[in-house]
Every structure is written in structure tokens, then in C-alpha cells.
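Lettering of chains follows the sequences in order, A, B, ..., and the numbering in each one begins at 1.
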Amino acid sequence: MKSNPPMSDSVPRISIRDAAAHVGQSVEIAGWLYNLRRSGKICFPLLRDGAGIIQCVAVKSQLDEALFEALKDLTQESSLIVRGRIRAEQRAPGGFELDVEGAEILQRVPESDPYPITPKEHGVDFLMDHRHLWLRSRRQHAILGVRHEVIRAIRDYFDSNGFTLVDTPIFTPAACEGTTTLFEVDYFEGEKVYLTQSGQLYNEANAMAFGKVYCFGPTFRAEKSKTRRHLTEFWMVEPEMAYSNLEDVKRVAEELIVFVTGRVLERRRAELTELERDITKLEAIRAPFPRISYDEAVERLKQKGSEITWGGDFGGADETLLSEDYDRPVMVDRYPAQVKAFYFQPDDQRPEVVLGVDVLAPEGYGEIIGGGQRIHDLNLLLRRLEEHKLPREAFEWYLDLRKYGSVPHAGFGMGVERFVAWMCGLEHIRETIAYPRMIYRTRP
RNA sequence: UCCUCAGUAGCUCAAUGGUAGAGCAUUCGGCUGUUAACCGAAGGGUUGUAGGUUCGAGUCCUACCUGAGGAGCCA
């Protein structure tokens, strides 16, 4: 089989995305058979090329008989290259149609072993087992298109606002926060090493070198979590800024969310429509976001009937209760020190709370951002390490940052999959990544 | 780890303790504008596994396996 066989020297190969620009012209499209409807002497193959889907029309009287028969009996997801003329056609889904003049079938899927994902309903288990094929479906294609746009917009935002990308290691010798369960890697001799749960500590070092930095990579959490909001392996973007405080974190988080949401609305309308997303919900995402304190949040939750008491962290139901009062993300700050990691800077006025902020997405999508200001004083940091019973030796390099030109600094982490789930209005986070890794799902 | 629910044809699902069915997919036939096309016909089953109760179990009981939703924890 030729690697990229041209059917014709005279006809341009186009992407279905660009069909509108080729109306009236003969073109060639290389793709896969998405579906086929037929009616005796005419058939309508739907051709998918990875960028879009176009309906083709093959008429028996206008084609070589063998070719017509081959097209008419083509099986789902067979690969083929079609040549024909593009025409605007209201009856066709997408508005354009291709009148078939010729075709070359690269591989015909045998009917003895047909493509498993039919254009009918399927259950989650079956679809997840066929995730490698499920990605070809319209809905999954739309979600991953939005994911791509979200990631590109995140990078554009930081790149055009003075941040330098400095990625942090995946293998780390110690827990970042000393609390969550980690994946241990048995390879490095004489040393226990874990998969990263956050690039933050390294980010702080990088911020002292570059001023404003971000890292963007996979993160691993070994908690036995099993809910629609959790993945074992997920992607997180973490900015960190020197000479910055909690207010800077809130400002950047707000700007980032508004920017990324705007980009998705601007460039991925078709995908949002395919997903039947209520676009007005995203259009409401504008600055300023509401800002409330942890104290206020607890009071409000009590009024709404939550069992929460001051000093506890919010559960998933609490987050939904809080966010339902707003049409845009809500920022909750100044949490009790005991529910946050050791490195959070305490509030000068109230040492029992720390300068941390969580951003809760609307519509019950929960925490999409968590961050705050870090401790910059060496002695305070030493005390906190002791209080959390963390081994000083493992943090010597981290303590150096407080010895050599320590400055107030702050940053946050944003979970990409939760953000994408919110943008797309999904029930479950597992569809926001090509190959989700969950406690009971590691294949394909 | 705990709680709840579910496993029946390739897929989605039915079946009062009494002969395991339908739609889709596949095969064959029909149809020149279909829109998850439609119409007719055919093939397709160790009811998750192992025990138990019963004259009789897809259905009731026990254990296990697999999956889903949730809790805790988190982005």
C-alpha cells in the first residue's frame, strides 16, 4: 500500500474543514466511512477525515458500475479516498456535499468483524473498552477539540503575559505536601522516588530564577478516588510568580479563566454546539468574579443546611451549594491553616487562616483552581515543617529559596480536565482526556 | 477502603419462579435525495462465575468476579 497515494495529479487534496472554499471545484478527500445510507441506485457515504464529516453522493448511472457497487456495500470505518466536486447543498448535514466522480478504497473493514461502535447507543463500559475507536465519534472528537483549544489558550495567556515555561520533574524524591498518597517508583537505587503530585515546590525555585513561570504537565494522585471528578493521571498547569501575593493570584486566575473561556467561545462554537452545551452559561463568564471568604462560605453553607463546621474542608456537595448562587466562578479565600498544605502564608491579621484561594466553577463543576501565597520567611517555614512532621533534609533545597533573596511569592494550579469538563458541560471527567487513567481502568 | 446499584445475542435493553424475546449491527432481497434512512427475510444465547433453595431459577439465597454511581480525599 502506498503511504499517501494520490488518486489524481490534477485534483487538490483538501480537508473537509476547507470545503466551503472549494465549492464548484473538483477535489480529493482522504478519510474513513462514517456512515452510509443507500437507496437502490443512489447512495450517500458520509466521509470523515479527522477534521470534519462531509456527505458524498454516488449515483449509479453516473459511475463505473464496479465502483458504485463497491461504494454501496462499503462497511463502517473503511478507509478510502474520494474524488469529486464540492457543492453547497442544504439537504446535506454541514451544508456541503461532494458528488463522487471516483474513489479508491484502501482497506475495506470485513463484515465478518465489523466496526464495533455502531451509530446507535452504547454503554459506558463498552465505549471505554473501545476508547481507541471511540475517539473517532463526533462527540469525543468535539470534546478533544475543546481540550486542544483550552490548552492552547492557556499557553497563549501565559506566554503573552511574561511567564516562562519551565517544566518540573515527574520523578520526585519527596512528597510535595506530605499528605496525599503517592505512586512509588521502584527503580532508582537506594532511594524512594514518586510520581509528581504537583510541580509547585520546583516552580517556586524557578520563579526566583525567572520571575514569572509556569509548568504544564501530567500529575499523579494515588488516592482511591472513584467519582466523576477524578482521574488518577491528569494534567495541571501551575503558574508561580515572585514578588506577588494572594491578590495577584486572584487577578491572574480570573484573567486566565476569562481569556480561555473567550477563546473556546470564539474558536470552538461548532464543537460546543455538537455537545449541546448551553453557550449562554459560558458567555456569562466575565470579570469580576465574586470573592468571598472561607468564613462567609461556611456561614452560607450552614444556612443551606450543610453539616460543615468552621475548620473543615468543603465536600463536593458543599462546593455545588456555594457555586449555585453565581453565574460565574466564585473565589473563596483565607482557609483555616489546618486544611491547607504546610507552605501557605498565614494572614498577618489572623494567623489561624492562610492566604490561600480556591476557585469553584459554576454548575457544580467544583474546584478548578487552588493556590495562594507561599511562606517566604525561613523560620516560619522551618516551624511548619516540624508541625507537619516533614523531614527537613528532603527540603534543604527548598529552604535555600528562603535564605538567598527570599521574596513574597504566590501561584496556583489549574486542573485541565475539570476545566474542559466544565467548558463542555460533561457529566464525567473521563471523556476530557484521550486515554483516562482511573483506579479500575488502565486500558486501552 | 466503605456504601448503593448493575451484569441476558456483537451493542442497547425486555422477559409475574413456568417454552429466553425486541431494536440496532451482520447476511440476503427491495428502493434515484437519504438524514441514527426505510421495507421484507435469515443466522445469532453455557442469562458474569461457583454453589444452594425448588417439581422447575435469567428471576430467590450465599460467596466471588467485573463494572457504574457516590463517600472520604483532591485539580
Side-chain angles (χ1 to χ4, degrees), chain A residues 34-46 53 55-63 68 72-73 75-77 87 89-95 97 99 109-130 134 137-139 176-177 179-181 197-200 218-238 253 307 312-319 339-341 358-361 365-371 412-422 427-430 432-433 438-441:
Chain A
Y34 190 76
N35 197 4
L36 182 136
R37 291 181 281 267
R38 65 182 183 200
S39 170
K41 291 165 185 151
I42 185 169
C43 73
F44 302 89
L46 292 179
I53 295 175
Q55 174 165 290
C56 304
V57 190
V59 179
K60 187 174 187 177
S61 60
Q62 291 166 22
L63 285 175
F68 179 80
K72 180 170 78 71
D73 291 330
T75 44
Q76 197 187 351
E77 287 300 321
R87 180 164 46 74
E89 170 58 69
Q90 288 206 331
R91 286 173 292 185
E97 203 166 64
D99 288 318
V109 175
E111 39 275 286
S112 59
D113 188 10
Y115 186 71
I117 303 178
T118 63
K120 290 283 179 182
E121 287 170 27
H122 299 282
V124 170
D125 190 34
F126 176 81
L127 289 169
M128 290 303 298
D129 284 343
H130 295 85
W134 190 20
S137 303
R138 285 175 141 120
R139 185 178 163 79
C176 282
E177 326 213 337
T179 50
T180 41
T181 326
Q197 57 165 344
S198 166
Q200 195 219 304
T219 303
F220 307 87
R221 302 276 168 95
E223 284 106 5
K224 307 260 184 226
S225 283
K226 189 176 169 355
T227 78
R228 66 181 71 191
R229 295 186 303 278
H230 283 86
L231 292 171
T232 302
E233 174 185 317
F234 66 96
W235 285 67
M236 186 157 68
V237 59
E238 295 174 276
E307 306 264 300
D313 209 348
F314 305 131
D318 292 325
E319 291 180 352
V339 301
K340 292 291 177 187
D358 284 353
V359 181
L360 308 180
Y365 281 94
E367 184 184 345
I368 49 170
I369 281 179
F412 64 86
M414 182 169 89
V416 168
E417 287 77 14
R418 282 193 186 171
F419 196 95
V420 173
W422 169 42
E427 280 291 309
H428 200 298
I429 198 170
R430 65 187 156 216
T432 62
I433 187 166
M438 294 171 291
I439 176 137
Y440 296 125
R441 169 102 34 203

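Within 4.0 Å of D358(A), counting heavy atoms only, lies no atom of the nucleic acid at all. Heavy atoms of E97(A) sit under 4.0 angstrom from at least one base atom. Contacts of H428(A) with the nucleic acid, taken as non-hydrogen atoms under 4.0 Å apart, involve only primed sugar atoms and P, OP1 or OP2. Within 4.0 Å of L231(A), counting heavy atoms only, lies at least one base atom of the nucleic acid. Across all strands, R430(A) comes closer than 4.0 Å only to sugar-phosphate atoms, never to a base (heavy-atom distances). Residue contacts for S61(A): at a heavy-atom cut-off of 4.0 Å it reaches a base atom on one of the strands shown. Residue I429(A) is in base contact, counting any heavy-atom pair closer than 4.0 Å across all strands shown. Within 4.0 Å of E417(A), counting heavy atoms only, lies no atom of the nucleic acid at all. Note on R38(A): a base of the nucleic acid sits closer than 4.0 angstrom, heavy atoms only. Looking at heavy-atom distances under 4.0 Å, P116(A) makes no contact with the nucleic acid at all. As judged by a 4.0 angstrom heavy-atom cut-off over every strand, R139(A) is placed among residues making no nucleic acid contact.
The base of C74(B) is paired with the side chain of H230(A) by a donor and an acceptor separated by under 3.5 Å. No donor-acceptor contact under 3.5 Å links the side chain of R37(A) to the base of C31(B). Taking only distance into account, the side chain of Q90(A) never meets the base of G33(B) through a donor-acceptor pair shorter than 3.5 Å.
Comparing the same atom, P, in U53(B) and in U62(B) gives a spacing of 15 Å after rounding to whole Å. Nucleotides G7(B) and G30(B), compared at atom C1', are 39 Å apart to the nearest Å. Rounded to whole Å, the C1' atom of A15(B) lies 27 Å from the corresponding atom of U27(B). Across U19(B) and U4(B), the matching P atoms stand 33 Å from one another, rounded to whole Å. Comparing the C1' positions of U1(B) and A57(B) gives an interatomic distance of 34 Å, to the nearest angstrom. Across the C1' atoms, G17(B) and G56(B) are found 8 Å apart, a figure rounded to whole Å. The same atom, C1', is picked in U46(B) and in U8(B); the two are 12 Å apart, to the nearest Å. Comparing A22(B) with G45(B), their P atoms sit 14 Å apart, to the nearest whole Å.
With rounding to the nearest 0.5 angstrom, the CD1 atom of I117(A) is 8.5 Å from the CD atom of E77(A).
T75(A) pairs by the side-chain contact (heavy atoms from CB on, under 4.5 Å) definition with S78(A), R108(A), V109(A), E111(A), not counting sequence neighbours. By the side-chain hydrogen bond (donor to acceptor under 3.5 Å, both in side chains) test, K340(A) is found to be paired with D358(A), residues two or more places apart in sequence or in another chain being considered. Qualifying side-chain hydrogen bond (donor to acceptor under 3.5 Å, both in side chains) partners for Q76(A), counting only residues two or more places apart in sequence or in other chains: none. Applying the side-chain contact (heavy atoms from CB on, under 4.5 Å) test to E238(A) and every residue at least two apart in sequence or in another chain returns S198(A), Q200(A), N203(A), C215(A), M236(A). Scored by the side-chain hydrogen bond (donor to acceptor under 3.5 Å, both in side chains) test, R138(A) finds no partners at all (sequence neighbours excluded).
Comparing C73(B), G33(B), A75(B) by their closest approach to the side chain of V57(A) singles out G33(B). Here the nucleotide nearest the side chain of E111(A), chosen from U26(B), U12(B), C73(B), is U26(B). Side-chain proximity of F234(A) to U32(B), G72(B), A75(B): nearest is A75(B). Distance from the side chain of M236(A) is smallest to A75(B) among U32(B), G72(B), A75(B). For D125(A), the listed nucleotide lying nearest its side chain is G67(B); candidates were G72(B), G67(B), A25(B). The side chain of D313(A) has C74(B) as its nearest neighbour among A71(B), A75(B), C74(B).
Protein atom CG of N35(A) is 11 Å distant from nucleotide atom C1' of U34(B), rounded to whole Å. Here C13(B) presents its P atom at 11 Å from NE2 of H122(A), a figure rounded to the nearest Å.
Each of P114(A) and E89(A) lies near RNA chain B, and the nucleotide nearest P114(A) is the one positioned closer to the 5' end. The residue among G370(A) and K60(A) whose nearest nucleotide of RNA chain B is located toward the 5' end is K60(A).
The residues E89(A) and R87(A) are annotated as salt-bridged, a charged nitrogen and a carboxylate oxygen being separated by less than 4.0 angstrom.
The nucleotide G72(B) finds no pairing partner, because no Watson-Crick or G-U wobble arrangement with both distances shorter than 3.5 Å includes it. Base pairing of A20(B): no nucleotide in any strand meets the Watson-Crick or G-U wobble criterion (both distances under 3.5 Å). Across all strands shown, A42(B) is found opposite U26(B) as a Watson-Crick or G-U wobble partner, with both distances under 3.5 Å.
Ring geometry for F126(A) versus H122(A): interplanar angle under 30°, hence parallel rather than tilted (30 to 60°).
In this structure, the aromatic ring of F44(A) is not positioned over the six-membered ring of the base of G33(B) within 5.5 Å between centres and 30° between planes.
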Where do N or O atoms of nucleotides 1-9 of chain B meet protein N or O atoms at under 3.5 Å, pair by pair?
from	atom 1	to	atom 2	distance (Å)
U1(B)	O4	K224(A)	O	2.9

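No hydrogens or angles considered: nothing links the side chains of R91(A) and Q55(A) as a donor-acceptor pair under 3.5 Å.
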